Amino acid sequence: MENQNDVYFNPQMQYPQQSYKPYVPPKKIYQPFTKKDGVFALLSLVAAFLAVDFALFKGFNIGFTIAYFAVFVVTTAYLFKGDNKKSAFSLICGALSLSGAVTFALFDNKIINAIMFFLVFGLYAVYTVGISGTFTKPQGSFKMLGDLALSVFNAIPGLGDAFGSMKATSKKNKSVIQALIGFAVAVPFLGVIIPLLASSDAAFEGLIKKLVENIGIYIAELALALIIAPVFFSFLFCKTKSPQNKPSKNNAHRILSNPLSVTFLSVISVTYIVYLFSQLAYFFSAFKGILPDDYHYTASAFARRGFYEMFAICAINVAIISLVSIFTKRKRAKLSPAVKVLSLFISLFSVLLVVIAMQKMRLNISIYGLSNNRVLVCTLMVMLLIIIAFFIVHIFAPKVSYMQPIIVICSAMFIALSFANIDALCADYNIKAYQSGKIKTLDTVNIRKSSDSAVPYLVDLAKSEDKVISNSAKTQLTMYVNTNGYLEFERELDKYVGIKIDSDVFDFRRYNRARNTAYTMLRDYYASLDENGRKPMNELDRMYREYSYDNWDDAFIDSSHDNYELYYYYNPKTGLYDKTKKQTW
């Protein structure tokens, strides 16, 4: 028997030594550009330069419209393939984006244009992802928004693939390098040829002088275009190399339990029930004690109070219903009845708030008249009703697409609003309401501040037989010229007759129909005035250039004196600014 205390040692095994190398991932192989890729890489640079020169440096005018059409054409020609099935939704969004871009050439309302810029950009993203067939989520639900966000932000990471393919192209095809060498060799010859051509022809000489005068601007624009073009082309290039994806369904985001969602919605619903109960104080004397002791009902107070709060609550409710529907867990792919009923109650309560808010706005308009903001808010309220209606349908019929009709209908509404020229509509409504006695005052300052579309109405008011209104309109016309910095007009302000204020005076890229119409009417109106009619406008223009203007008191301040300031206040009867006050230091 073996002794258990004995210890046996096995001889140590000898293993051959092996050298281990760190893992190196395989080098990514990039496919060279096709001829089509190379052509559209250059076209992307052209489109980027147009976007910089026509839009970025010239603002929201016809230049923006032209630049967007160029970008749209390049995008469509590069991504559109006949063998891909295109959804009507994507094509409609593309058509809407073009329609929205046209409005920049027609009207110059700053708020409308700012909103329209983001709307056109969003519709363009939908169109691009749609025609390239790279949607990975159902287009009828909120999930498509994730696809749009990824398609935009992936343009930056995709730069590596685009540059990798371009490098592979240069290695494979030496003609690119040879073309660059040929361009470099031609430059010295152009330095001799261009001056000779300029000396031989006056028209070519004038063109070269203009180019030389603005060479700094063109270099800056080209530098920006060289930054934007790779990102733009990468945005398109990644979509041509991505596989055609089929929409997938992923429910991993559903993290809320039914008890949690029901409790949350119940608390919100009870709060709204208490609010509805408090409203009985307006209709039944038994509930009057709810109102404050010093409460006095007036139409103007009712119209002003609580409107924007109601609008904000409606927007919050839409967000609540959306998030609960998105993140609540489902049994057999269905929301629980309790969640549906509570969501329906909050939706209907939101509809009630929108109706009340619309009534407040209607009363507000009847007292104070129309304004740009009031029309915009009314439009947003109608959009809210549309969104709520589709959410209610979605609660009880989840398979019905809701995101597509919401995007199309709301986009079409806003574009139609832009084409309606709301500044002109508001000015026309307010003038007629004032003349008929519906509103007590006519605010010519707001008419002037709205946009160029309202200037023709100021010209008509300046011809009015009502001296107070006429003087006020003349003052606003002169202030319009000065505050907008139209130097071409200011230099000739004292002459009036023969002045040229047409589109040919300005850069065509800055052309805007509303502004051009305003210039033309101002020119014709000033030319029709005699010396006495021009005198108050000349004086006002002089004060604008020499004195400081106080918006709060509507007064000009002459601070050129050693121990006092002169204040000039507007006199509506004469249309002049009278010197009425001295302030000693």
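Reckoned from all heavy atoms, side chains included, excluding hydrogens, waters and symmetry mates. Position 1 is the first residue of the sequence, and the numbers go up from there. Because the structure is a prediction, the values reported are computed rather than measured.
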*Using a 4.5 Å cut-off on heavy atoms from C-beta on, say whether the side chain of I313 contacts that of N317.*
yes

*Could you go through the side chain to side chain contact (heavy atoms under 4.5 Å, CB included) check for H394 and V400 one step at a time?*
CA-CA 6 Å; H394 179 67; V400 175; 5.8 Å; no

*Side chains of D423 and S453: do they bring a donor and an acceptor to under 3.5 Å?*
no

*Report yes if the side chains of I228 and V52 come closer than 4.5 Å at any heavy-atom pair, otherwise no.*
yes

*Just say parallel, tilted or perpendicular for the rings of F107 and F419, cut-offs at 30° and 60°.*
perpendicular

*asked:* Within this structure, what is the CD1-CG distance for the pair I321 and L323, rounded to the nearest 0.5 Å?
replied: 10.5 Å

*Where does the angle between the aromatic ring planes of Y68 and F72 fall among parallel (under 30°), tilted (30 to 60°) and perpendicular (over 60°)?*
tilted

*asked:* Could you check whether any side-chain heavy atom of S350 comes within less than 4.5 Å of a side-chain heavy atom of V318, counting everything from C-beta outward?
replied: no

*Nearest heavy-atom pair of F64 and A55: which atoms, and what distance?*
CD1-CB, 3.7 Å

_Gap between atom CD1 of I112 and atom CD1 of I422 - 0.5 Å precision_ = 4.0 Å

*Under 3.5 Å: donor-acceptor pair, side chain of N512, backbone of A514*: yes

_Can you tell me how far apart OG (S132) and OH (Y78) are? Round to the nearest 0.5 Å._
11.0 Å

_Tell me whether S418 contacts the main-chain N or O of F414 through its side chain, where contact means a donor paired with an acceptor under 3.5 Å._
no

*asked:* Taking the side chain as everything from C-beta on, heavy atoms only, tell me whether N372 gets closer than 4.5 Å to N446.
replied: no

*Can you tell me how far the CG atom of D460 sits from the CE atom of M521, to the nearest 0.5 Å?*
5.0 Å

*Work out which heavy atom in I386 is nearest to a heavy atom in M413; give both atom names and the distance.*
CD1-SD, 3.4 Å

*If every non-hydrogen atom of A454 is compared with every non-hydrogen atom of A427, which pair is closest and at what distance?*
CB-CB, 4.3 Å

*asked:* Ignoring hydrogens, what is the shortest heavy-atom contact between A225 and P230? Give both atom names and the distance.
replied: O-CD, 4.3 Å

*Hey, does F104 have a side-chain heavy atom less than 4.5 Å from the side chain of N113?*
yes

*asked:* Which residue in the set L370, N421, N373 passes side-chain contact (heavy atoms from CB on, under 4.5 Å) when paired with C426?
replied: L370

*Do L123 and I407 touch side chain to side chain, with heavy atoms closer than 4.5 Å?*
yes

*Which is it for I415 and M116 under the side chain to side chain contact (heavy atoms under 4.5 Å, CB included) test, yes or no, and what are the steps along the way?*
CA-CA 8 Å; I415 293 171; M116 185 64 74; 4.0 Å; yes

*Judged by atom type as modelled, is there a donor-acceptor pair below 3.5 Å linking the side chain of T76 to the main-chain atoms of V73?*
no

_Are the side chains of N430 and I447 in contact, using a 4.5 Å heavy-atom criterion?_
no

*Once you round to the nearest 0.5 Å, how far does CG of L224 lie from CD1 of I227?*
5.5 Å

*Examine the side chains of Y127 and T75 and answer whether a donor and an acceptor come within less than 3.5 Å of each other.*
no

_Close side-chain approach of I409 and M383, heavy atoms under 4.5 Å_ = no

*Can the ring centres of Y402 and F391 be said to be less than 6.0 Å apart?*
yes

*Option from T65, I66, L50, D53 for which side-chain contact (heavy atoms from CB on, under 4.5 Å) with R509 holds*: D53

*Could you tell me which non-hydrogen atom of A47 sits nearest to which non-hydrogen atom of F232, and how far apart they are?*
CB-CE2, 4.2 Å

*Could you tell me whether the side chains of Y519 and D452 share a donor-acceptor contact shorter than 3.5 Å?*
no

*What distance separates L522 CG from L477 CG, expressed to the nearest 0.5 Å?*
5.5 Å

*asked:* Between I111 and L376, is the side chain to side chain contact (heavy atoms under 4.5 Å, CB included) condition met? List the steps.
replied: CA-CA 9 Å; I111 297 177; L376 273 175; 3.5 Å; yes

*Where C314 and V354 come nearest, the two heavy atoms and their spacing*: SG-CG2, 3.4 Å

